[in-house]
Every structure is written in structure tokens, then in C-alpha cells.
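Small disclaimer: the values here were computed from a predicted structure and weren't measured.
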Amino acid sequence: MDSNFLPSISLRASRRADRNHLQSRDGKEGLASGKSYQDSPLKIIWKRGFIRLVLVGGIIWGLLILTALLFHAWSCQSSIAFFSALCNKSSVIYGAIQSLGLVTPPHRCSIPVADDPNKIVIPQKRSPEKFVQSLSYFMEDFTETNGSQSPPLFGGHITWQQRDESFKVKPTMKVHCGFIRNGGAEMAQKDVKFVKKCRFVVASGIFDGYDTPHQPSNISARSQKLFCFLMVVDEVSLEFIKKNVTVREDNDGGEWVGIWRLILLKHPPYDEPRRNGKVPKILTHRLFPQAQYSIWIDGKMELIVDPLLLLERYLWREKNTFAIAQHKHHRNVYEEADANKRRKRYARPLIDLHMKIYRYEGMEPWNPMKSTPSDIPEGAVIIREHTALSNLFSCLWFNEVHLFTPRDQLSFGYVVYRLGGLFKFFMFPNCEYNSIFILHNHTREHSSKVEWVKSLDEFKKDKTGGLKESRGGLGLWTPYPGDLDSVVLPSVKRTSKAG
């Protein structure tokens, strides 16, 4: 035990001697080179001070940015006109702070329209065509199924390759855009003749007898002469309207309800009334080819703002060619799809399949870094100039509705994404949308068996063929050229109680 103790003492002593030797040697070298040991603490203090200065500066800069954001949020909520005017509600910053919950969007807000429609100067020239100079449409449907010619579809038998090519913007383009010959949605000759004179159009539609026409208010005499107010209906709705409201007939056989000229579409192209309603809504430029400007409003809406003021506010003032309202609740397409399933707006497994295709093709959930305020519009109002690019967008949007689910809000952001930022549009705040109209209830609730389907097996077990649409949504039943089984849909955080 003593022998073990003595070596440990000698080891400590030798290590202590080595340290003393090193210190004395370093001290001599330091003196020989003329350096002072007092410099080292000064350098340390200077370095620490610089780091602290950078950190303090960063904190102050962050506080300034936060203060600016909070001021922006406060100004957007302020009732004082001067401060509320500072808020740019179409900016990326506003979208970011709203997504963080710092701003509660109002239900209704004032629309900064001009005071007098008689003083508005209508542009003499059309907007320049930057990307598409010539746009034409397929009119024939040549697709064979099992060796025999299948009946023509209104939207055509679009192949996956044709769909992909249609998103590649070129100066000269030819795309599917509904109105395939013998596909349905035929207009009477008297109505074809009437709409040829319509350069400015306010369009609406009623299908399957859901609504009756609501008369617009606050319409100036100038707008009454300038605009054609066209209400597109199917035969069921026309009969329903005649039973419930007064319909007058003019000398040319045209039928009118107040200011609305009723435009009958014979032979509805789809089994699903909601899908039929997308024809005049999205393909307004095809239904009324002479129209240079159009304002679409859903049949349940009563317009309370002069349409000339709307064109000036949403198109001409900032040189836009397409304007649509932002959805009140959702920005993320996958969240909107989830809400559609909860509200039973279409078959849940088909909505999932629709979203899997978009996810496979690279559609990301919306985030504040995107260039648009939202991927989800409030589609009850669409204001547009019928330029070639605007018409192309409408065609591609309709093709998605034709191929997949009739929920057009799910397709809007996807088409914007596929066009790669070439299509510019104005998405205005939802509170302005609520100030343009008075919303009326439908005459009855829409109900369809397909909305209650919970699994694809129910389609397979259905022997009557009443669940599966025969003329629309065929892209959901056509083999997709990709592995959708490997696709995992993004998780959805339900940010609203909608549905």
C-alpha cells in the first residue's frame, strides 16, 4: 500500500515541474518577441463587445420589423380612415400576418369604387397579348373505345398527354374548351343572334330549379344600355321560373325576367347539375364569343353595385384582366378538399383521388411565401377581360372540372400553378365580395347520391349505374400514368369551422 502511494506522489511532482518549465519557457518567448500578456484580455473584450453590438443591433432591427408588422395589422383593423388607407390588403405581408392570426378579416367592407359611373372612361384598346396571340379550340371528339366510336363528350375525351401539353404556353395554341359538336349545351338560334351584339356582359345561371332570378339594384342608365344581363338556364329551371315569376316575351321571341334575358341551354351536357352550372360560369367567353368584358355572378346572388364600377375597380384601375375574390375560410387546396368531404359536396374517395393527382404533379399546400394571396377563390363572382391568356386559363380550368370533380375551387389554384406564374390575376379580399351582393337562399337543397359515397367499393357494387357519372369526371376512372398508391396527401389542420 505504501509502495503504491509513493509513486503517485512522485508522478504529481514531475507533472508540476513540467508545467512550471513550460510556463517559464512561454514567458521568455513572449518577452523576447516584445508582446505583452496584457494585450490578450483587451482583444477578448473587444471581440465580445463587437459580438454584443451585432446581437443588440439584430434585436433592435427585429423589434423594428415586428413593430412595423403590428402597426400594419392594427391599421388594417382601424376604423380611422387615414390609418385604414395605409393597409394594402392584397400584399404578401397582409396575407402573412393574417395567416398568423394577427388580423381578423371583416365579413363586409367598403369597396373603393368610383363615385359616378357616367364619369368612367372605358379603355379604347384591349390589353396587350403577351404570351398567347392565337387561341383556337377542338370542335370534334374522335376517341374510340373498344373498337367502337363512343358518344361525343361536351368537354371531349381528353388524354393525359393532351392535358399535359395544354399547360405549355405558346404563341399559337389549340386546346379543348367544351362545346364539342353534338356534346350538348345547345343555344336557340334567337339567343345566338341576340348575344352577338353583347360586348359587355353580366352573366348568371340557374340549373335544376335551384333559384329564381334576382333583380340587380343601383344600376345606372349608362350600364343598362351598355351591358347585356344574361341568365343561362336549363329546361328544368326555365319551367320552374315560369311557374314562380313573371316572364315576358319580346317581339323576337326572347324571354325576359326584369332586366335578365333568359338564355336556354338545351340538352344539358352532364348528369350532375352542379357540373352543368360550370359551363356558363367558366366558359363565358365561349358561350358569348363577342363579349370583351364579363362579370359572372352565381344565381343565388343579387348584384347591388353598378357593373361599370366593378370593371373600373377590379380591372381597369390596375390594368388587370382577371379578378376573383379570396375564399373566406381557406387558402390551402387540401384543406378545402377536406371541407368538401365533410360537407358532402361530392364523393369523398373521388375527392381524395383528385387531390392525389394534384399532389403527384407537385401541387404544394399554400403558404405565405407563395405569390398569390390564396389558392382557393370564392368563385361566385368572376370579373374578366376576354384576352387570349385569360380565355386559355378559363379553358384549362374548365378541363379540370370536366375531368375530375365538379368542385371548381379545387382546380383554380392548380391551373395557376401549372401555368408557372404567367397568368396574373387580382384576388381581392373576401370582405369586398360580401359588399357586392346580397346572398339569397336556394329554393331547395341540392342532393345527389354520389355525395354520400364513402368508398370506391360502393361504385363497384352499384348495379344500376346511378352513382357513376357517364359524361363527366372520366379522368377519375381513366388509368393514370403514375403511381398514385405511393402518394401521401398532406396533413390538414382545420383552421376554420366551415362545414
Min side-chain heavy-atom separation [X]-[Y] under 4.5 Å:
X      : Y      : value
Pro269 : Val279 : yes
Ser127 : Lys319 : no
Leu389 : Lys130 : no
Phe240 : Thr443 : yes
Leu396 : Leu419 : yes
Thr405 : Arg345 : no
Tyr346 : Phe404 : no
Phe425 : Thr372 : yes

side-chain contact (heavy atoms from CB on, under 4.5 Å), paired with Ile206, selected from Leu238, Val236, Val233, Val232: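 Among the candidates, only Val233 passes.
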
Considering all heavy atoms, the nearest [X]-[Y] contact:
X      : Y      : answer
Phe229 : Pro307 : CZ-CG, 4.2 Å
Glu272 : Ser448 : OE1-OG, 3.5 Å
His402 : Tyr270 : ND1-OH, 2.8 Å
Val175 : Ser166 : CG1-CB, 4.0 Å
Pro373 : Trp366 : O-CZ2, 3.1 Å
Trp260 : Gln215 : CD1-NE2, 3.5 Å

Lys/Arg N to Asp/Glu carboxylate O, Glu451 vs Arg348, below 4.0 Å: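 No.
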
Electrostatic pair Arg418-Glu400, nearest N-O below 4.0 angstrom: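 Judged by the 4.0 Å cut-off on N to carboxylate O distance, Arg418 and Glu400 do not form a salt bridge.
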
Do [X] side-chain atoms and [Y] backbone N/O form a donor-acceptor pair below 3.5 Å?
X      : Y      : value
Gln409 : Pro377 : yes
Asn430 : Gln326 : yes
Arg275 : Val401 : yes
Arg286 : Cys177 : yes
Ser435 : Cys109 : yes
Asp338 : Tyr334 : no
Asp271 : Ser470 : yes
Trp397 : Val415 : no
Asp298 : Lys300 : no
Arg108 : Asn434 : yes

With ring centroids as reference points, do [X] and [Y] lie under 6.0 angstrom apart?
X      : Y      : value
Phe154 : Phe179 : yes
Phe412 : Phe393 : yes
Tyr358 : Tyr417 : no

Would you kindly say whether [X] and [Y] are connected by a side-chain donor-acceptor distance under 3.5 Å?
X      : Y      : result
His327 : Ser374 : no
Thr284 : Arg384 : yes
Tyr314 : Glu432 : yes
His386 : Asn391 : no
Glu302 : His214 : no

Pairing residues for Glu129 by the side chain to side chain contact (heavy atoms under 4.5 Å, CB included) criterion, not counting sequence neighbours: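 With sequence neighbours excluded, Glu129 shows a side chain to side chain contact (heavy atoms under 4.5 Å, CB included) to Gln133, Thr387, Ala388, given in chain and number order.
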
Starting at [atom1] of [X], measure out to [atom2] of [Y] and round the result to the nearest 0.5 Å.
X      : Y      : atom1 : atom2 : result
Ile297 : Leu303 : CD1   : CG    : 5.0 Å
Leu230 : Trp296 : CG    : CH2   : 10.5 Å
Ile59  : Leu63  : CD1   : CG    : 7.5 Å
Arg313 : Asn320 : CZ    : CG    : 9.0 Å
Ile383 : Phe322 : CD1   : CZ    : 10.0 Å
Glu186 : Leu264 : CD    : CG    : 10.5 Å

From CA spacing to verdict: side chain to side chain contact (heavy atoms under 4.5 Å, CB included), Thr478, Trp160: CA-CA 9 Å; Thr478 305; Trp160 295 114; 3.7 Å; yes

CG (Asp457) with more than 12 external heavy atoms under 6.0 Å: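 For Asp457, atom CG is crowded (more than 12 foreign heavy atoms under 6.0 Å).
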
Lys168/Glu165 under salt bridge (charged side-chain N to carboxylate O under 4.0 Å, His left out): CA gap, chis, key distance, verdict: CA-CA 5 Å; Lys168 299 174 182 178; Glu165 285 294 322; 3.0 Å; yes

Trace of the side chain to side chain donor-acceptor pair (under 3.5 Å) decision for Ser411 with Asp408: CA-CA 5 Å; Ser411 304; Asp408 57 89; over 6 Å; no

Step-by-step side chain to side chain contact (heavy atoms under 4.5 Å, CB included) determination, Leu456 to Leu350: CA-CA 8 Å; Leu456 292 176; Leu350 297 185; 3.8 Å; yes

Residues in ring pair (Phe, Tyr, Trp, His ring centres under 6.0 Å) contact with Tyr293, at least two apart in sequence or another chain: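 Once residues adjacent in sequence are excluded, the partners of Tyr293 under the ring pair (Phe, Tyr, Trp, His ring centres under 6.0 Å) criterion are Phe200, Trp316.
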
Qualifying residue, where the test is side-chain hydrogen bond (donor to acceptor under 3.5 Å, both in side chains) with Asp375 and the options are Lys370, His330, Arg331: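 Going through Lys370, His330, Arg331 one by one, the side-chain hydrogen bond (donor to acceptor under 3.5 Å, both in side chains) with Asp375 is satisfied by Lys370 alone.
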
Test side chain to side chain contact (heavy atoms under 4.5 Å, CB included) applied to His285 and Leu283, step by step: CA-CA 5 Å; His285 68 288; Leu283 299 183; 4.0 Å; yes

Verdict with reasoning, Leu287 to Met187, per side chain to side chain contact (heavy atoms under 4.5 Å, CB included): CA-CA 9 Å; Leu287 203 57; Met187 196 187 304; 3.6 Å; yes

From Lys454, Arg359, Lys341, residue fulfilling salt bridge (charged side-chain N to carboxylate O under 4.0 Å, His left out) relative to Asp352: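 Filter result, single survivor: Lys341.
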
